[in-house]
Amino acid sequence: MVVRNGWSMFCLAAALMACGDSGAGETAAGNGTEATGGPGGTTQAASTTGESSTSDTGSGSVGESDGHTGTTPTTGPVATTTDTGDTSTGTVTTTSVDTTSIGTTGDTTAADTDDSTTGEPEFCAGEGSVLLPGETDKCTGDLGENTFTFALCSCTNFTTAGIFTVDAFNSGDNMPQPLHGGSVGINGNYTAIALADIGGTLWVDGKVSTVAAHEVGEILQCGGNVSATVLSHVNEDAFVEGNIGGLIPLMTIDGDLYQPAGKVNAGANVLGQTIKGPVSVATPCDCSNPIDIAGIVEGYKQDNDNELAGIEADELADLVLPKEIELPCGVYFFTDIEHLLALKIKLTGRTVIAVEGDLTSIGLFDFELGPDAELDLFIKGNASFADIATIGDTERPAAFRMYVGGVVTFASLFTFGGNLYQPHAVFNAGGLAEIWGSLFVGGLNLVGAFAIHYDEAILDIDGCEPPGGACFDGDDCGNPTPTCKQGECVPCETNEDCGPPLTCQPGGVCFPLPG
């Protein structure tokens, strides 16, 4: 357990803390009052005229494909080889693909032309990103960067009966070090029955209830009441729309407390100032406008690199024998991925895989990313893993983004190093579990100890949205011009220009608080 500012969570007395909903998610009107909230979710004072569209880091919907996004061959045919040999589980089929003619078309980046294809040499050389179907300047990288801003984002309630910890690192650093960041956003209620240590910001739209020691490493944003009857700690400011109750002040807020006039603080010891004025805590997770996973899959079904690579759409369906397949840089479409014994998918380059049906794993499963590989995986249906599964790269979670229209189920041991988007279903994790990356889920139920190690490198992955371009909302913008104002992407000026939980950093970029 992390100890901050000399405060140890292991010496805390048992008690209760509750926080009720008070209409979170509304925006505060600019009326010349005092500052009314924290990073990304509130309105500062002195805003009296005009309207501005602030950056929304949630994901937007994607339409169906109406443009070419595939690659075009420029050299000879691709060779596909199959080797078989006896193993203890049966015959292993290994398929490898010649990469010489994949992703070699064109000499411009996706942001430079309206008819760009996915086969840009920059993409397969490790730069740029793959255009989303029907888009001319929005790529898979832009989608990932705008979607996974929290270590955990839940569209509904959060419940944990086990120890819950969140921290952060940046896999893009030469020597990654643990950071105190990693934020949690909950659109519903937050309930923690055991110890919880959140390294970043805790941003809750509904109520918060805890019955054990609780630590928030950065800012507390609460859209309702807070009642603390156990020692708890907020390292920086707190923005609370409701009352703070308790028999005695057992919560410590190291920074300032922002609270509406007429609301009572009976349970918190505030080391900074108490600032009375309007407070509006924005809804943290953009769940009302889900990503059109079905549309993206359909777009890549129409335009992909399967034929060029010698890959059939049903190549990974109904597999009985163990199989290993190696895919180079490119875009691939599969009807289903279903296997009985063992399946390993090795990726050597930057890859997009679209699955029209389900991913069903009965036996051993391994998504292996090479040192230069990245993967955006779009599954229209469900994903289930009944045996040991290794998915992604725990040392480079930002390199793997997984978007699922249905439900993801882990029935046994699993290792997950990536970012999972599953907005329509609750994520269940029983027993000891660890996630390297992030979760954007419909809800979360935890029974045992659970840890999330957020990779801040996801906020720096390559996209193709041009800086300073036209915009409708914040989804159309990204660093270095992350804020949409008056129809143009511009640098941020205040924290309110950045969507939850990001803050405006020097240079006008939106990023988490420095770790």
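Keep in mind that what you see is a predicted model, and the values were worked out from it rather than measured. Residue numbers run from 1 in the order of the sequence given.
- No close placement of the Y332 and F334 rings is indicated, their centers lying 6.0 Å or farther apart.
- Counting only distance, with no hydrogens or angles, the side chain of D358 and the backbone of T360 share no donor-acceptor pair below 3.5 Å.
- Rounded to the nearest 0.5 Å, atoms OG1 (T149) and CG (L459) are 7.0 Å apart.
- Summarising the geometry of A161 relative to I193, their closest heavy-atom pair is CA-CB, 4.1 Å, with the distance given to 0.1 Å.
- Between the side chain of D197 and the main chain of T165, no donor-acceptor pair closer than 3.5 Å is present.
- Annotation: salt bridge (charged side-chain N to carboxylate O under 4.0 Å, His left out) contacts of D142 (sequence neighbours excluded): none.
- Nearest heavy atoms, N170 versus A457: OD1-CB, 3.4 Å.
- T147 and E145 form no side-chain donor-acceptor contact under 3.5 Å, judged by distance and modelled atom types alone.
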>> side-chain hydrogen bond (donor to acceptor under 3.5 Å, both in side chains) for T283 and D205? Distances and angles first, verdict last.
In response: CA-CA 6 Å; T283 302; D205 194 18; 3.3 Å; yes
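- Looking at I337 and L343, their side chains come closer than 4.5 Å, going by heavy atoms from C-beta outward.
- Listed for the T351 side chain is a donor-acceptor partner under 3.5 Å among the backbone atoms of G349.
- Among all heavy-atom pairs drawn from A373 and T348, the shortest one is CB-C, 4.0 Å.
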>> What verdict does the salt bridge (Lys or Arg N to Asp or Glu O under 4.0 Å) test give for R401 and E374, after you've listed the backbone C-alpha separation in whole Å, the side-chain angles of each residue and the deciding distance to 0.1 Å?
In response: CA-CA 8 Å; R401 287 83 64 179; E374 293 185 28; 3.3 Å; yes
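- Sulfur-to-sulfur, C498 and C492 sit at least 2.5 Å apart at their SG atoms.
- Here the SG-CG distance, from C504 to D497, works out to 6.0 Å after rounding to the nearest 0.5 Å.
- Taking the six-membered ring for Trp and the full ring otherwise, H214 and Y190 have centroids separated by under 6.0 Å.
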> How far apart are the C-alpha atoms of I452 and F164, what are their side-chain angles, what is the distance that settles it, and do they pass the side chain to side chain contact (heavy atoms under 4.5 Å, CB included) test?
Replying inline: CA-CA 8 Å; I452 302 177; F164 178 59; 4.3 Å; yes
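- Within the 4.5 Å cutoff, no side-chain heavy atoms of S183 are placed close to those of I198.
- Taken together, the cysteine pair C153 and C285 places its SG atoms within less than 2.5 Å of each other.
- Side-chain contact between N382 and V408 is absent, with no heavy-atom pair separated by less than 4.5 Å.
- Between C489 and C477, a gap of under 2.5 Å is found separating the two SG atoms.
- Between Y421 and F440, the distance from one ring center to the other falls under 6.0 angstrom.
- Counting heavy atoms from C-beta on, the side chains of W203 and V184 never come closer than 4.5 Å.
- No donor-acceptor pair under 3.5 Å is formed between the side chain of R350 and the backbone N or O of V130.
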>> Would S171 and D455 count as a side-chain hydrogen bond (donor to acceptor under 3.5 Å, both in side chains) here? Give the steps.
In response: CA-CA 6 Å; S171 64; D455 184 7; 2.7 Å; yes
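- From F367, atom CZ reaches atom CZ of F385 across 7.5 Å, with rounding to the nearest 0.5 Å.
- Atoms CZ and CG, from F400 and L420 in turn, are 8.5 Å apart once rounded to the nearest 0.5 Å.
- Of all heavy-atom pairs spanning L321 and L341, the tightest one is CA-CD1, 4.5 Å.
- Residue pairs meeting the side-chain hydrogen bond (donor to acceptor under 3.5 Å, both in side chains) criterion with at least one partner in residues 153-162, sequence neighbours excluded, do not occur; the list is empty.
- With respect to the salt-bridge test (charged N to carboxylate O, under 4.0 angstrom), the residues K344 and E326 do not qualify.
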> Going through the distances and angles, do L316 and V355 end up as a side chain to side chain contact (heavy atoms under 4.5 Å, CB included)?
Replying inline: CA-CA 10 Å; L316 300 181; V355 181; over 6 Å; no
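- Side chain of N189 to main chain of F158: no donor-acceptor pair is present (N/O by atom type, distance under 3.5 Å, no hydrogens or angles).
- In this structure, the side chains of L220 and T201 stay at 4.5 Å or more apart for every pair of heavy atoms.
- Side chain of T481 to backbone of G468: a donor-acceptor contact under 3.5 angstrom is found.
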>> Working note: E456 + F169, criterion side chain to side chain contact (heavy atoms under 4.5 Å, CB included); need CA distance, chi angles, decisive distance, verdict.
In response: CA-CA 6 Å; E456 292 185 352; F169 71 106; over 6 Å; no
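- Under the 30°/60° scheme for interplanar angles, the aromatic rings of F410 and F414 are found to lie parallel.
- Residues F150 and S438 come closest through the heavy atom pair O-CB, 3.3 Å.
- A donor-acceptor pair under 3.5 Å is absent between the side-chain atoms of D314 and the main chain of A317, judged by distance alone.
- L375 pairs in a side chain to side chain contact (heavy atoms under 4.5 Å, CB included) with only one of the listed residues (I391, D393, L347), which is L347.
- The shortest heavy-atom contact between A294 and K380 is CB-CE, 3.9 Å.
- Here the side chain of D318 pairs no donor or acceptor atom with the backbone of H339 at under 3.5 angstrom.
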>> For a side chain to side chain contact (heavy atoms under 4.5 Å, CB included) check, start with the C-alpha distance between F365 and T390, then their side-chain angles and the critical distance, and finish with the verdict.
In response: CA-CA 6 Å; F365 184 86; T390 302; over 6 Å; no
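- A distance-only check finds no donor-acceptor pair linking the side chain of E312 to the backbone of E315 [under 3.5 Å].
- Under the salt bridge (charged side-chain N to carboxylate O under 4.0 Å, His left out) criterion, E356 pairs with K301, sequence neighbours left out.
- Side-chain contact between T503 and P512: absent, with no pair of heavy atoms (C-beta onward) separated by less than 4.5 Å.
- D336 places no side-chain N or O within 3.5 Å of a backbone atom of E338 that could act as its donor or acceptor partner.
- Between I435 and H453, every side-chain heavy-atom pair lies at or beyond the 4.5 Å cut-off.
- One finds the CG atom of L364 at 9.0 Å from the CG atom of D366 (value rounded to the nearest 0.5 Å).
- Within the 4.5 Å cutoff, the side chain of L143 has heavy atoms near those of the I291 side chain.
- Between the CD1 atom in I353 and the CG atom in L377 there is a gap of 6.0 Å [rounded to 0.5 Å].
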